[in-house]
> 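Here it is, the structure, as structure tokens.
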Amino acid sequence: MMEHHVWIFLSMGILLGAARLLGELTKQMGLTSLLGEIGAGILLGPTVLGALQPEVFSSLFPSSGEGADVLKALTAVSIAMFLLVSGMEVDLSTVWRQGRRALIVSATGVVLPFAVGVAALFPLFLGMGTVDNPLVFPLFWGTALSISALPVIARVLMELNLFRTDMGMIVMPAAVVQDVLGWCVFAVVLSMMGINQTFSIGETIAYTLAFSAFAVVVLRRVFDRVIPWISAHWDSPGAIIGIGVSVALIAAAFTEWIGIHGLFGAFFVGIALGDSRHLNERTRFAFHQFISYFFAPLFFASIGLQVDFGRHFDIVLVLTVLGIATFGKLAGSLVGCHLAGISRRDAVAIGFAMNARGAMEIILGLVALQYGILSEKPFVALVVMALFTSLASGPIIKRVLRLKRLPILTDFMSGRTFLRFDEPTMPRAEIIRRMVEAIGTTPRTRIDVDAVARLVLEREELMHTGIGDGIAIPHARIPGVDKPRIAIGITRDGVDFDAPDGKPARIVILLLTPVEDTNLPLEIFAEIARTFSSDDTRLKVFQAMNFTELKAVVKHAAGAA
């Protein structure tokens, strides 16, 4: 027994560690962490480790026995937890505010992809599942191609600064309606399979509708009353997380009992909890951190353990599913946007936003695989389609709307251009010269230090660059500089840059920009103002001892601004 526990702990630790590591690496590359987490499972699963070291793979991840049961249980709980936080992304109020336009876009965005999925993929995949009921397979494919991935869409819109725009206020409620309808249909699909014989299909549907109404109406009001009491008497947000997870697991057990998957119950508890007006951002963030860094990586890594992706990868099948899925979603969104009076360019952007499938599609596919609705080849095609549409959504929207990425200060810095001036007193000219020298030592930067320092000081004489709150931004446009260069200097006692509030500058940000680009300096100034707007950020920057610490503070502040 002890040896079994050793292997269980070891396999879970390796799986979680690999998923987090590769997830962070893919994020650093500008991709979704989902790709790295699934990639970790593929490396540790039958595709790579199972092919190279089958004995090691079978020992770490057995297909039967206690270890397999533990992995299945963790996967089931992880799915429920991920659907809990996904439900918390749902903002019911935006659905009511957008009203007609959002409902039109969501309706056509479900009906057309559903019809395309049934008509195009049903004949193609007929016989690839193991379920006898002939209605289950077309209903599944219709559902799979009609839902979107609400968390992925929200993240893409936030990264592109579109979340609070008119477009974002149409996309989000439309995605909410589509996901809720999709999961309701999938609940019916599961009940039709007769896995749970306790209730008839009609009874299961009735219980499902009653539970949905109870969660949205009653449970939401319960959370509105309970959360303030918990915040006043208990250790919040930990206590709220505990209560939320507990209710989600109980709801998951209930929906399993009535004949549909437990993820449905957790999803609707997330909707009720996330829509509570008393759930503050600190608690919401803690929820996401807790689940996104433990349960989600374990679940997505476990997907790679299910199937040999190399043996079951069929390029024709993948391209077919991808093409049909994208066509159906774009056609549905374009028709809906036309009926709602939305411009063609925004309609195309909305279509590609709704086409992001991500985690929700993968969860749907995994449950279908476990219940025999899908075999391995269409499951792999579904996973690849979900990943590709998630990765492509942001860049395509950016191109369609001709958006420019906001500059991030650390894009124009390196470890050599972060300096600390610990001398008791230093003249302004000396600080500027040493910062120019630091920029001059960076690769592919050739500047005349004396000439550039003189230009910066001349600019300083024309108009002092202290902006207040202990920050100064000396700057100049330099001939021959190919892109912006930034150096940040921390002064121990502060240096007078003639700020409006009279405070000496303890954080000096030297900015050198090309002569030809007149707009970029303004964008960088705006980004500096956003990044350093809080007292907490300025204090942490002042306390940073190296470039890594500085980069972490600036990156967090830029994301929160």
> Between Ala386 and Ile362, which heavy-atom pair has the shortest distance, and what is it?
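In terms of heavy atoms, the two residues are closest at CB-CG1, 3.8 Å.
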> Taking atom CZ of Phe547 as the centre, does the number of heavy atoms from other residues, nucleotides or ligands within less than 6.0 Å exceed 12?
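Enclosed: over 12 neighbouring heavy atoms sit under 6.0 Å from CZ of Phe547.
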> What I'd like to find out is whether the side chain of Leu71 reaches to under 4.5 Å of the side chain of Met12, using heavy atoms alone.
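Heavy-atom side-chain distance check passes, below 4.5 Å.
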> If you measure from CG on Leu382 to CG on Leu322, what distance do you get to the nearest 0.5 Å?
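Answer rounded to 0.5 Å: 11.0 Å.
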> Hey, is NE2 on His312 packed in by over 12 heavy atoms from elsewhere, all under 6.0 Å?
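Count over threshold, so yes.
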> State, yes or no, whether a side-chain contact exists between Val77 and Met81 at a heavy-atom distance under 4.5 Å.
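They are in contact (side-chain heavy atoms under 4.5 Å apart), so the answer is yes.
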> Write down the atom of Leu16, the atom of Pro297, and the distance for their closest heavy-atom approach.
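That would be CD1-CB, 4.0 Å.
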> Could you state the interatomic distance from CD1 (Ile315) to OG1 (Thr320), rounded to the nearest 0.5 Å?
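Spacing of CD1 (Ile315) from OG1 (Thr320) equals 9.5 Å.
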> Quick one: does Ile170's side chain get under 4.5 Å of Asp346's, heavy atoms only?
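No; the side chains remain at least 4.5 Å from each other.
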> Keeping the roles fixed (side chain from Ser333, backbone from Leu330), state whether a donor-acceptor pair exists under 3.5 Å.
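No, the answer is negative, given that no donor and acceptor are paired below the 3.5 Å cut-off.
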> Apply side chain to side chain contact (heavy atoms under 4.5 Å, CB included) to Met88 and Leu279, showing your working.
CA-CA 10 Å; Met88 291 173 62; Leu279 189 71; 3.6 Å; yes
> Could you check whether any side-chain N or O of Thr531 sits under 3.5 Å from a backbone N or O of Val554, counting only pairs where one atom can act as donor and the other as acceptor?
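It does not hold such a pair.
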> Rounded to the nearest 0.5 Å, what's the gap from CD1 on Ile488 to CZ on Phe532? Could you check?
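Separation between the atoms: 4.5 Å.
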> For Thr75 and Ser302, work out which heavy atoms get closest and say how close.
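Distance-wise, the nearest heavy atoms are OG1-OG, 3.6 Å.
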> I'd like to know if the side chain of Thr108 and the backbone of Ile104 have a donor-acceptor N/O pair within less than 3.5 Å.
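Present.
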> Measure across Ser393 and Phe352 and return the closest heavy-atom pair with its distance rounded to 0.1 Å.
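Taking Ser393 first and Phe352 second, the nearest heavy atoms are OG-O, 3.0 Å.
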> Donor-acceptor pair, Ser276 side chain versus Leu273 backbone, under 3.5 Å?
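No: the side chain of Ser276 does not pair with the backbone of Leu273.
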> Quick check for you: to the nearest 0.5 Å, what is the distance between Ile42 atom CD1 and Glu37 atom CD?
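Going from the CD1 atom of Ile42 to the CD atom of Glu37 covers 12.5 Å.
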> Carefully, step by step, assess Phe267 and Leu84 under the rule side chain to side chain contact (heavy atoms under 4.5 Å, CB included).
CA-CA 5 Å; Phe267 181 67; Leu84 171 65; over 6 Å; no
> Is the shortest side-chain heavy-atom distance between Thr389 and Lys329 below 4.5 Å?
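Result no, sub-4.5 Å side-chain heavy-atom pair not found.
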> Going through the distances and angles, do Phe299 and Ile291 end up as a side chain to side chain contact (heavy atoms under 4.5 Å, CB included)?
CA-CA 11 Å; Phe299 164 65; Ile291 290 171; over 6 Å; no
> Do Val380 and Asp314 come within less than 4.5 Å of each other through their side chains, counting heavy atoms only?
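Val380 vs Asp314: side chains apart.
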> Is the closest side-chain heavy-atom distance between Val116 and Leu145 below 4.5 Å?
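Side-chain contact under 4.5 Å: no.
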> Decide yes or no for Glu376 and Asp308: does some side-chain heavy atom of the first lie under 4.5 Å from some side-chain heavy atom of the second?
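SC-SC contact between Glu376 and Asp308 ruled out.
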> In chain order, what residues pass the ring pair (Phe, Tyr, Trp, His ring centres under 6.0 Å) check against His475, with sequence neighbours excluded?
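Partners of His475 by the ring pair (Phe, Tyr, Trp, His ring centres under 6.0 Å) criterion, ordered by chain and then number, come out as Phe525.
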> Just wondering, are more than 12 heavy atoms of other shown residues or ligands nearer than 6.0 Å to CZ in Phe313?
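Check passes, neighbour count above 12.
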> Output the distance between atom CG (Asn355) and atom OG1 (Thr326), rounded to the nearest 0.5 Å.
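It is 4.0 Å, given to the nearest 0.5 Å.
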> Would you call Val85 and Phe295 a side-chain contact if the rule is heavy atoms closer than 4.5 Å?
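Sidechains of Phe295 and Val85: no contact.
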> Leu22 and Leu43: side chain to side chain contact (heavy atoms under 4.5 Å, CB included), yes or no, with the steps?
CA-CA 11 Å; Leu22 290 185; Leu43 290 175; 3.7 Å; yes
> Compare every heavy atom of Ala18 with every heavy atom of Leu44, then report the nearest pair and how far apart it is.
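Looks like CD1-CB, 3.9 Å.
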> Any chance you could measure Ser146, atom OG, to Arg357, atom CZ, to the nearest 0.5 Å?
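Ser146 OG to Arg357 CZ: 8.0 Å, rounded to 0.5 Å.
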> Any idea which heavy atoms bring Val171 and Ala353 closest together, and the distance?
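Answer, listing the atom of Val171 first, then Ala353: CG1-CB, 4.1 Å.
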> Say whether, by atom type as modelled, one donor and one acceptor occur between the side chain of Thr417 and the main chain of Ile486 under 3.5 angstrom.
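Answer holds: yes.
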